[in-house]
Protein chains: 2
Amino acid sequence: MTAAAPIRLLLADDHPVVRAGLRAVLETEPGFEVVADVPTAEAAVTLAERPGIDVVLMDLRFGGEMRGSQATAAITAREGAPRVLVLTTYDSDADILAAIEAGATGYLLKDAPPEELAAAVRTAAAGKSALAPTIALRLMDRMRAPATALTRRETEVLQLVADGLSNAQISKKLFLSQATVKSHLVHIYAKLGVDSRTSAVAAGTAQGLIRR
Amino acid sequence: MTAAAPIRLLLADDHPVVRAGLRAVLETEPGFEVVADVPTAEAAVTLAERPGIDVVLMDLRFGGEMRGSQATAAITAREGAPRVLVLTTYDSDADILAAIEAGATGYLLKDAPPEELAAAVRTAAAGKSALAPTIALRLMDRMRAPATALTRRETEVLQLVADGLSNAQISKKLFLSQATVKSHLVHIYAKLGVDSRTSAVAAGTAQGLIRR
DNA sequence: CCCGCGCTCCACCTTTCGATTGATGCCGCC
DNA sequence: GGCGGCATCAATCGAAAGGTGGAGCGCGGG
């Protein structure tokens with residue numbers, strides 16, 4: 001095989017400026033070829049089905065319906081799918097975990113310098129996982145302190161609390177009894193070291209456990 | 001005057017990718033000249049002092065200390081200062097108002113299409129105010145519904161609620177009785193159309209009345 | 001196989017919050 | 001000078017939330 005085979009890229013971001021920036025940054029680097037760029041998650045899923053794409057650079061938040069993590073899951077579900085490298089502004093735990101669970105090969109922040117970006121794309125193309133230092137650190141923290149790790153259900157409840165719902169509303173929405181909601185909340189308070197729903201929301205957003 | 005005099009630009013954004021994108025987008029348009037791009041608000045203030053800059057494209061949030069609104073205020077405070085066009089991802093009321101009060105000539109969202117961006121820069125260079133349609137709409141809303149405008153004290157209380165404090169803690173912190181805190185909260189709920197502290201926080205953050 | 005953990009639920013009690021009503025002093029504006 | 005908005009405080013009452021101490025079930029790992 002020739003060493004000169006370029007890595008073929010698909011860019012998915014709803015900001016035209018960011019797409020242009022990625023193009024500019026990556027096309028000046030040797031060994032990259034931007035095949036297409038799209039402004040929606042849906043378009044990314046469609047285009048990623050076509051052969052000839054090695055790596056998809058995927059934003060997490062789009063203006064439209066589908067979230068980047070869903071698109072990532074849809075893409076990586078298929079056989080011989082391209083690698084997906086998540087590239088976003090946010091470094092919240094919830095987003096990171098959602099992306100990794102969805103099958104993302106890597107997770108980068110948009111404030112990454114161009115060299116780091118290029119290196120991560122090469123790493124991803126080779127099938128190896130690429131995490132931004134900040135992200136890696138955050139994951140290490142999470143491993144070390146399992147206290148701050150909420151369960152799936154607890155996170156769900158906390159998110160609804162953050163949305164302003166009462167225990168009664170949450171219980172209806174999740175088909176639970178209020179007792180169960182309270183029980184989850186007690187555990188959440190213990191894990192976050194707080195004693196009220198509002199401070200739990202504050203702690204949760206501060207630690208990026210829930211999206212704002 | 002010659003029609004060919006280019007508009008000289010300074011780009012301030014902490015994301016290398018975004019800076020590259022803005023360069024790419026604006027340099028393909030005729031009549032623009034990107035003089036420099038900087039990754040910090042401090043550098044933007046310094047460079048904006050030099051003559052030969054017509055418009056500063058300013059992000060609101062930087063990784064470092066200084067916020068974009070502060071930098072905007074510092075730049076526009078001087079005589080013969082360049083116009084500042086705020087270009088950010090966020091459309092929260094608090095950010096918008098801070099930027100406008102700081103003397104920004106315009107406010108754009110990063111998901112704006114290139115043509116809109118170019119048009120806004122030309123508008124700003126001519127000294128006229130340039131607002132993204134979304135932003136203009138939001139400001140109209142605010143004008144129409146003065147109910148969403150919290151008083152200084154109410155905002156202060158709501159911020160503390162968002163930080164997770166109880167009524168008792170807030171009353172101590174602000175040297176008030178709990179009755180007063182409750183009174184403020186009642187007014188806040190009425191203005192935001194909610195009926196609990198958590199939903200008030202949700203509504204407040206959604207409308208950008210308080211910082212997260 | 002049993003233990004731990006996550007998820008579900010119950011009962012009882014205390015504290016906090018929210019709703020209502022009403023009042024006072026201050027300040028700016030017409 | 002009166003009127004309205006803002007900030008301050010009081011009292012009361014019912015509803016919601018939090019604290020405590022349980023308990024059963026399913027599932028995966030040691």
Side-chain angles (χ1 to χ4, degrees), chain A residues 93-94 97-98 101 142-205 207 209-210, chain B residues 93 97 142-205 209-210:
Chain A
D93 281 19
L97 287 186
E101 278 172 17
R142 171 172 271 255
M143 295 305 169
R144 222 183 298 115
T148 46
L150 299 184
T151 67
R152 185 177 304 269
R153 201 58 160 169
E154 285 162 358
T155 306
E156 199 172 0
V157 170
L158 183 55
Q159 181 63 59
L160 292 177
V161 170
D163 291 342
L165 276 65
S166 69
N167 290 349
Q169 290 171 312
I170 295 173
S171 69
K172 275 178 201 155
K173 190 150 197 165
L174 299 183
F175 303 105
L176 297 175
S177 79
Q178 290 199 39
T180 308
V181 175
K182 283 181 155 198
S183 182
H184 285 310
L185 283 176
V186 167
H187 296 147
I188 293 171
Y189 298 161
K191 287 181 179 176
L192 297 182
V194 299
D195 56 359
S196 77
R197 54 207 294 110
T198 43
S199 51
V201 170
T205 53
Q207 296 183 35
L209 301 172
I210 48 179
Chain B
D93 280 20
L97 287 186
R142 171 172 270 254
M143 295 305 168
R144 218 182 302 116
T148 46
L150 299 185
T151 67
R152 187 176 303 272
R153 201 58 160 170
E154 284 162 359
T155 306
E156 199 173 359
V157 170
L158 182 56
Q159 181 64 59
L160 292 178
V161 169
D163 291 342
L165 276 65
S166 69
N167 289 349
Q169 291 172 311
I170 295 173
S171 70
K172 275 178 201 156
K173 191 148 196 167
L174 298 182
F175 303 105
L176 297 176
S177 79
Q178 289 199 39
T180 308
V181 175
K182 284 184 164 194
S183 182
H184 286 310
L185 282 177
V186 167
H187 296 146
I188 293 170
Y189 297 161
K191 287 180 179 177
L192 298 183
V194 299
D195 57 358
S196 77
R197 52 208 296 113
T198 44
S199 50
V201 170
T205 54
L209 301 172
I210 48 179

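Chain letters run A, B, ... following the sequence lines, proteins first, then strands; residues in each count from 1. Only heavy atoms go into these numbers, but all of them, side chains included; no hydrogens, no water, no symmetry mates.
- The interatomic distance linking Leu185(A) (CG) with dG18(D) (C1') rounds to 9 Å, in whole Å.
- Nearest heavy atoms, Val161(B) versus Thr198(A): O-CB, 3.8 Å.
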Can you tabulate the close N/O pairs, meaning under 3.5 Å, that link protein atoms to atoms of nucleotides 5-9 of chain C?
from: dC7(C); atom 1: OP1; to: Arg153(A); atom 2: N; distance (Å): 3.4
from: dC7(C); atom 1: OP2; to: Thr151(A); atom 2: OG1; distance (Å): 2.3
from: dT8(C); atom 1: OP1; to: Arg153(A); atom 2: NE; distance (Å): 3.1
from: dT8(C); atom 1: OP1; to: Arg153(A); atom 2: NH2; distance (Å): 2.8
from: dT8(C); atom 1: OP2; to: Arg153(A); atom 2: NE; distance (Å): 2.9
from: dT8(C); atom 1: OP2; to: His184(A); atom 2: NE2; distance (Å): 2.8
from: dC9(C); atom 1: OP2; to: Ser177(A); atom 2: N; distance (Å): 2.8
from: dC9(C); atom 1: OP2; to: Thr180(A); atom 2: OG1; distance (Å): 2.8
from: dC9(C); atom 1: O5'; to: Thr180(A); atom 2: OG1; distance (Å): 3.3
from: dC9(C); atom 1: N4; to: Ser183(A); atom 2: OG; distance (Å): 3.2

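- The distance between atom NZ of Lys182(A) and atom C1' of dT14(C), rounded to the nearest whole Å, is 11 Å.
- One interatomic measurement links the two molecules: CD of Gln178(B) to C1' of dC9(D), which rounds to 12 Å at whole-angstrom precision.
- Residues Arg153(A) and Leu176(A) meet the side-chain proximity criterion, which asks for heavy atoms closer than 4.5 Å.
- In this structure, CD1 of Ile170(B) is placed 15 Å from P of dA7(D), rounded to the nearest angstrom.
- Rounding to the nearest 0.5 Å gives a distance of 12.5 Å between CG of Leu192(A) and NE2 of His187(A).
- No hydrogens or angles considered: a donor-acceptor pair under 3.5 Å links the side chains of Ser177(B) and Thr180(B).
- The shortest non-hydrogen separation linking Ala202(A) to Ala162(B) is CB-O, 3.4 Å.
- Two residues are said to be in side-chain contact when any heavy atoms from C-beta on lie closer than 4.5 Å; Thr151(A) and His184(A) fail this criterion.
- In the region residues 160-169 of chain B, proximity to DNA chain D at under 4.0 angstrom, judged on heavy atoms, holds for none of the residues.
- To the nearest angstrom, P of dG19(D) lies 12 Å from CZ of Arg197(A).
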